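Remember, it's a predicted structure, so these values are computed and weren't measured experimentally. Throughout, protein chains are lettered first and strands after them, A, B, ... in sequence-line order, and every chain is numbered starting at 1.
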There are 2 protein chains.
Amino acid sequence: MALEHAILVSLLEKPGSGYELARRFDRSIGYFWTATHQQIYRVLKRMENDGWVAAHEVAQQGRPDKKHYAVAPAGRAALSAWLHEPIEPESVRHDLAVKIRGAAFGDLSALLHEVERYRQVHSGRLAHYRAGEERDFTGPDAPAEPDAMHELQHVVLRGGIAYEQMTLAWLDDVLATLRRIRERTAP
Amino acid sequence: MALEHAILVSLLEKPGSGYELARRFDRSIGYFWTATHQQIYRVLKRMENDGWVAAHEVAQQGRPDKKHYAVAPAGRAALSAWLHEPIEPESVRHDLAVKIRGAAFGDLSALLHEVERYRQVHSGRLAHYRAGEERDFTGPDAPAEPDAMHELQHVVLRGGIAYEQMTLAWLDDVLATLRRIRERTAP
DNA sequence: ATCCTCTATGCAACTCGTTTCATAGGCAAG
DNA sequence: CTTGCCTATGAAACGAGTTGCATAGAGGAT
């Protein structure tokens, strides 16, 4: 389980409340780790009990109070220990791959339209990543001398970009294959 | 949840027992969908109760009896209905990306060695995929006129190959970035 | 006025997936 | 001859993740 560690990294990059964390998990961190606010609140509470993070309540005007979290020394130690553990192989779950192989026994055309829609989603995601890269790393507003944190954030984002590019190329391959089969079997 | 559907696809491609399915989920299907034998047995039982698959016991000599499963009409209908549903965005969980961003606050060198090891795993996986492609699709023993099922299996495998190639290139980028930071911060 | 959205946190119930254990005969290596 | 692996299935407990609901004030839209 690495949600704790994802939260530690995010809080080390910038401390904040559970709500703020939840929004980060819809944005930058969310590119490679998803979590709902439920999970985040629950895990944050456990981490506080374990002394990994320290919280202090912040009163706000016109808004509900919030609990501001920062990483405690024990949390830093836990992260460091986790970094030394071997990387466990990710367990893959690709609905689309199952559907593609299932298309041999179902409706090819329906899948074709779905893949076209899916391609647009990934195309949009690539554009979004590239805009973020331009804004934070390669554009004129980016820092001239990036620190380690910055460079590591960038290399992770480059991974997301590479993934989306690869996916788009593969989806084109999938579309071409589906069309070829459809024309051959139902001319 | 798509494990049911992954099982339906696998049983349509070739009927078999729960044990055989579990082994396929360590091989071809396992490239894009992981499942333990526990899950498979449990879900198979539910699918049998729902009339998605039909089972008949097969007595064997020198081996335990096995339950042979085949897809029933209701299962085919369920798969077809699922193929028409929109593809839901995959929920990503990349431990490595978390670790890379965490390395800004921990031991860079330890991660470097881990990434090198991780790279070897993916290198081996790519070789394995390519051997499978040669054996089943592009080599001399592959069928000259592949059917739809065959072609769809191939395009999914090409996706796996593209993924591994992309991953290897990105890991080289990661390694170069980690080394650059290490030499700059601790010369 | 009423509805919706945003901020901000949390409980409760449920489903899905993993881990551990159990059974049981055959077969091969040491 | 005993230890371990392969086939074959399954129960039980646990942990992680999702979904629905609740609260509550501020602000904007219709």
With sequence neighbours excluded, tell me which residues meet side-chain hydrogen bond (donor to acceptor under 3.5 Å, both in side chains) with A:R135. none
The side-chain hydrogen bond (donor to acceptor under 3.5 Å, both in side chains) partners of B:H94 (sequence neighbours excluded) come to none
Measuring to OP1 and OP2 of C:dT9, would you say a side-chain N or O of A:K45 lies under 4.0 angstrom away? no
Kindly give the cluster partners of A:Y19, where membership spreads through any ILVMFWY side chain lying under 4.5 Å from a current member. A:Y41
Could you list the residues that satisfy ring pair (Phe, Tyr, Trp, His ring centres under 6.0 Å) with [X], not counting sequence neighbours?
X: A:F32; answer: none
X: B:W82; answer: B:H5
X: A:H68; answer: A:H56
X: A:F105; answer: none

In this structure, how many angstroms lie between the [atom2] atom of [N] and the [atom1] atom of [X], rounded?
X: B:K66; N: D:dT7; atom1: NZ; atom2: P; value: 11 Å
X: A:Y41; N: C:dT7; atom1: OH; atom2: P; value: 11 Å
X: B:I40; N: D:dT9; atom1: CD1; atom2: C1'; value: 12 Å
X: B:Q61; N: C:dG26; atom1: CD; atom2: C1'; value: 12 Å
X: B:L44; N: D:dA11; atom1: CG; atom2: C1'; value: 16 Å

Please write out each protein N/O paired with an N/O of nucleotides 15-17 of chain C under 3.5 Å, distance rounded to 0.1 Å.
residue: C:dG17; atom: OP1; partner: A:R93; partner atom: NH1; Å: 3.1
residue: C:dG17; atom: OP2; partner: B:Q39; partner atom: NE2; Å: 2.9
residue: C:dG17; atom: O5'; partner: B:Q39; partner atom: NE2; Å: 3.3
residue: C:dG17; atom: N7; partner: B:R42; partner atom: NH1; Å: 3.4

Members of residues 9-26 of chain B that approach DNA chain D, where some heavy atom sits under 4.0 Å away: B:S17, B:G18, B:Y19, B:R23
Side-chain donor/acceptor pairs under 3.5 Å, residues 108-117 of chain B, sequence neighbours excluded:
residue: B:H113; atom: ND1; partner: B:S109; partner atom: O; Å: 3.1
residue: B:E114; atom: OE1; partner: A:I87; partner atom: N; Å: 2.6
residue: B:E114; atom: OE1; partner: B:R117; partner atom: NH2; Å: 3.0
residue: B:E114; atom: OE2; partner: B:R117; partner atom: NE; Å: 3.0
residue: B:E116; atom: OE2; partner: B:R179; partner atom: NH2; Å: 2.7
residue: B:R117; atom: NH2; partner: A:I87; partner atom: O; Å: 3.3

Less than 6.0 Å separating the ring centroids of B:F137 and B:H150? yes
With the threshold set at 4.0 Å, does a side-chain nitrogen-carboxylate oxygen contact exist between B:R101 and A:E151? no
What does nucleotides 20-27 of chain D look like as a protein-contact string, B for base, S for sugar-phosphate only, - for none, at under 4.0 angstrom between heavy atoms? B-----S-
Only counting residues at least two apart or in another chain, list the ones meeting salt bridge (Lys or Arg N to Asp or Glu O under 4.0 Å) with B:R125. none
